[in-house]
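In what follows, a single structure is set out as structure tokens and then discussed.
Everything numeric here is computed off the predicted structure, so don't read it as measured data. Numbered from 1 within each chain, the chains take letters A, B, ... in sequence-line order.
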Amino acid sequence: MRLSKNFIPTVKEIPSDALIPSHQLMLRAGMIRSLSAGVYSFLPLGYKILKKAMEIIRDEMDAIGGQEFYLPALNPIELWEETGRVKAFGDTMFHLKNRPLVLAPTHEEVICSIAKNHLKSYRDLPQIWYQIQMKFRNEPRPRSGVIRGRQFFMKDSYSLDATWEGLDVNYDLHAEAYKKMFTRAGLKFFIVGASSGAMGGSASQEFMLESESGEDTCTVCDGCGYAANMEVATSALQKAHRDNESKAITEISTPNVGTIDELKEFLKIEERYLAKSLVFMQDKTPILVLMMGNDQLNESKLLSALGSDFRSCHPDELKSLTGADAGSIGPIGLQGFKIIVDRRLQGGNNLVSGANKNDYHIANIDLQRDIKIDGYFDLRTVNAGEPCPKCSKPLRVVNAIELGHIFKLGTKYSDALHAYYLDENGKEKPIIMGSYGIGVERVVACFIEQNNDKNGIVWNNALAPYHVHLIQVNSNNEKVVSIAESLYKKLQESLVDVLFDDRDDVSPGFKFKDADLIGIPLQIIVGEKNVNSGNVEMKSRSTGKRDIIEISKVCQYVEKFLES
RNA sequence: CGGAACGUGGCGCAGCCCGGCUAGCGCACUUGCUUGGGGUGCAAGGGGUCGCGGGUUCAAAUCCCGCCGUUCCGACCA
């Protein structure tokens, strides 16, 4: 492709709205332009790269027997009413004003409606159905360029099975396919156990990429490779140990002591003896949550412990429910509360907690003796430096970008939409589903996040928009022009995809800067210096290494380079 | 949705606090010359409803009010 005739609008200056490297570079290299918040046009260069990413994904999906669909973005709203997801998505789903249609944010409903009409027998199963298409989500806050947009390409696949064992097989096939895709794309990723959240289902893993600009938080262990989303992460931190003797309960005066730190200072005791109380409302039931010391409650963990949504209490509500303000609330003497306790406190005795009376605490609480407890759960948030639950090395806490997510969905959607099949015994059963997503733009943006330098992007062969970047340095030199032209022709004949900088109105420095910015792995530089002795220069974008080679050996060199 | 900032030729910005000549600078663009291995140099040009609406004033890019847009922090994130 000739740069003189094609549209790759590179820019020198960094657009002020772009903060992260991938966003800045995608704009500067002429890959994308923004149209409005979270909505991007892909220009020819960017689209070419996006298609490369899709091709890798498609290839690995086909390899596990996936069948590609093209599904409608416009969905009748009634379909979404049936699964209750109009409400579940709420404002995140785009609604059309002049038809009862919504823009699909994902496609479980459509897949199910097809399955329901055509997969009637266990003999029709299993199936893997996938699509690589635009999804629409009215994100309240788009950010980080194409990493969180309001419309984006997603590879979504759905496994349809007759048995739970079959689901396990398809789930594992997807996990393996994902590893292959991301490895081929050159991404340094890790896999975490995750919360399946409101999506429902039994197991779920996320494919993550460590990045400062990530919106998820994960713990990772550099020792053994353990990694988990903070929503489910645990550590091998010591539990409360039980003193031999449980002392008698006593009320103690603690004037002006509100926080755990103040209490620790005031009583001069170890933090592990302190039980912090938090109050939530679930429907109309007040919930008291006990945490050790300064341990932070993780709301995702609480959500899975409670099973349904909850909210925190207003200050005046706290006072009327417990008789005290936050800071003096405790488990002793509460009426009508459900009490749940973090596992770290399990078995604890001689604990101090609020007395439900301002400025007073109760000492020597024995959880087994003094309180009726409705359950122990892991509720705390892991902190950096705590020991890994597998190997006890210190954990790191990192931000990460979610590239892909695989779920064992189960029968939630097939039940709601009556997608049933007949088993060997002629018995009607819901199809068992899995759902597996990948953010395509994220694959591209994440690659750039991990592969750039001060001059621009550094593509690998898998995602690079062109195989080689041919630079004709001196357009006024006939010999340079004729050699560059003949190399262009010859390379194209060898099926090499060439970006040819044949511009005659641009200085050499400008061309080199553009080449480094766009970041094609191999640059072929045709300049006066070398052609006079029958040579051209091959420059690797990643290493900066230059080889002077004979003109006749260019194709051979390129071939070898592309294989590596 | 809560908090904050910004909005001035295509891009990056100055001017605004303290109202007053024809709204400026760099990049990009056009033309000519120049240069030709790391965003050449010189010269001459074109391009602006100063986000939108209202108000104050003799006079508003500048002060006041409202709205819209964009970005950041938080909440949310299937």
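In this structure, A:Tyr40 atom OH and B:U71 atom P are separated by 6 Å, rounded to whole Å. When rounded to the nearest whole Å, the span between CZ of A:Phe89 and P of B:C76 equals 17 Å. Atom CG of A:Asp17 and atom C1' of B:G10 are 15 Å apart (whole Å). Atoms OH (A:Tyr413) and P (B:A78) sit 11 Å apart, rounded to a whole Å. Taking atom NE2 of residue A:His23 and atom C1' of nucleotide B:C11, one finds them 14 Å apart after rounding to whole Å. Residue A:Ile20 contributes atom CD1, which lies 13 Å from atom P of B:U71 at whole-angstrom precision. Rounded to whole angstrom, the span from the CG atom of A:Leu303 across to the P atom of B:C77 amounts to 9 Å. Following rounding to the nearest Å, A:Glu478 (CD) and B:G36 (P) show an atom-to-atom distance of 17 Å.
Of the C1' atoms belonging to B:G54 and B:A60, the separation is 13 Å, rounded to the nearest Å. Distance noted for atom C1' between B:G15 and B:U30: 28 Å (whole Å). On the C1' atoms, B:C42 is 32 Å away from B:C50, given to the nearest whole Å. Comparing B:G9 with B:U62, their P atoms are spaced 15 Å from each other, to the whole Å. Only the P atoms considered, B:A23 is 26 Å distant from B:C29, to the nearest whole Å. Using atom P as the reference point in both B:C65 and B:A4, the two lie 14 Å apart (nearest Å). Nucleotides B:G66 and B:U31, compared at atom P, are 49 Å apart to the nearest Å. Using C1' as the reference atom, B:U40 and B:G24 are 26 Å apart when rounded to the nearest Å.
Nearest to the side chain of A:Ala37, among B:C76, B:U71, B:G37, sits B:U71. For A:Arg143, the listed nucleotide lying nearest its side chain is B:A75; candidates were B:A75, B:G38, B:A78. Of all nucleotides listed (B:C72, B:C77, B:A78), B:A78 comes nearest to the side chain of A:Ala88. Listed candidates were B:C72, B:G12, B:G37. Nearest to the side chain of A:Ser16 is B:G12. Distance from the side chain of A:Asn476 is smallest for B:G36 among the nucleotides B:A75, B:G36, B:U40. For A:Asp516, whose side chain is taken as the heavy atoms from C-beta onward, the closest listed nucleotide among B:G38, B:C27, B:C77 is B:G38. Closest to the side chain of A:Phe407, out of B:A75, B:A78, B:G37, is B:A78.
Residue A:Asp91 is out of contact with every strand shown, counting any heavy-atom pair closer than 4.0 Å. Note on A:Glu215: a base of the nucleic acid sits closer than 4.0 angstrom, heavy atoms only. Residue A:Ser34 is classed as having no contact, given no heavy-atom separation below 4.0 Å to the nucleic acid. Within the nucleic acid shown, A:Asp505 has no heavy atom closer than 4.0 Å to any nucleic acid atom. When heavy atoms are screened at a 4.0 angstrom cut-off, A:Lys539 is found touching base atoms of the nucleic acid. Residue contacts for A:Leu19: at a heavy-atom cut-off of 4.0 Å it reaches the sugar-phosphate backbone alone, with no base atom in range. When heavy atoms are screened at a 4.0 angstrom cut-off, A:Asp514 is found touching base atoms of the nucleic acid.
The base of B:G37 sits within donor-acceptor range of the side chain of A:Glu537, with an N or O pair under 3.5 Å. With hydrogens and angles ignored, no donor-acceptor pair under 3.5 angstrom links the side chain of A:Arg141 to the base of B:C76. One donor-acceptor pair, N or O on each side, does fall under 3.5 Å between the base of B:G26 and the side chain of A:Glu13. No donor-acceptor contact under 3.5 Å links the side chain of A:Arg28 to the base of B:G12.
A donor atom on one side chain and an acceptor atom on the other are not found under 3.5 Å apart for A:Asn399 and A:Asp216. Side-chain N/O atoms of A:Asp514 and A:Thr10 include a donor and acceptor closer than 3.5 Å.
Side chain of A:Ser159 to main chain of A:Gly434: a donor-acceptor pair is present (N/O by atom type, distance under 3.5 Å, no hydrogens or angles).
Using Watson-Crick or G-U wobble geometry with both donor-acceptor distances under 3.5 Å, B:G19 finds no partner in any strand shown. Pairing for B:G24 goes to B:C13, judged as Watson-Crick or G-U wobble with the two contacts each under 3.5 Å. Pairing for B:G45 goes to B:C29, judged as Watson-Crick or G-U wobble with the two contacts each under 3.5 Å. In this structure, B:U57 forms no base pair with any nucleotide, since neither Watson-Crick nor G-U wobble geometry is met with both distances under 3.5 Å. Both distances falling under 3.5 Å, in either a Watson-Crick or a G-U wobble arrangement, place B:C1 opposite B:G74. Look at B:G7: its Watson-Crick or wobble partner, with both distances under 3.5 angstrom, is B:C68.
In this structure, A:Asp501 does not pair ionically with A:Arg2, as no charged nitrogen and carboxylate oxygen lie closer than 4.0 Å. A salt bridge is defined here as a Lys NZ or Arg NE, NH1 or NH2 lying under 4.0 Å from an Asp or Glu carboxylate O, and A:Asp547 with A:Lys545 meets this definition. In summary, A:Lys301 and A:Asp342 do not engage in a salt bridge, as defined by a charged side-chain N under 4.0 Å from a carboxylate O.
Positionally, the nearest nucleotide of RNA chain B for A:Asn530 lies more toward the 5' end than for the other of A:Lys87 and A:Asn530. Looking at which nucleotide of RNA chain B each of A:Gly90 and A:Val526 is closest to, the 5′-most match is held by A:Val526.
The aromatic rings of A:Phe407 and A:His405 lie parallel to each other, with less than 30° between the two planes, well short of the 60° mark.
Both cation-pi conditions hold for A:Lys48 and A:Tyr466: the charged atom is under 6.0 angstrom from the six-membered ring centre and inside a 45 degree cone around its axis.
Among pairs with a residue in residues 19-40 of chain A, those fulfilling ring pair (Phe, Tyr, Trp, His ring centres under 6.0 Å) read A:His23-A:Tyr40, at least two apart in sequence or across chains.
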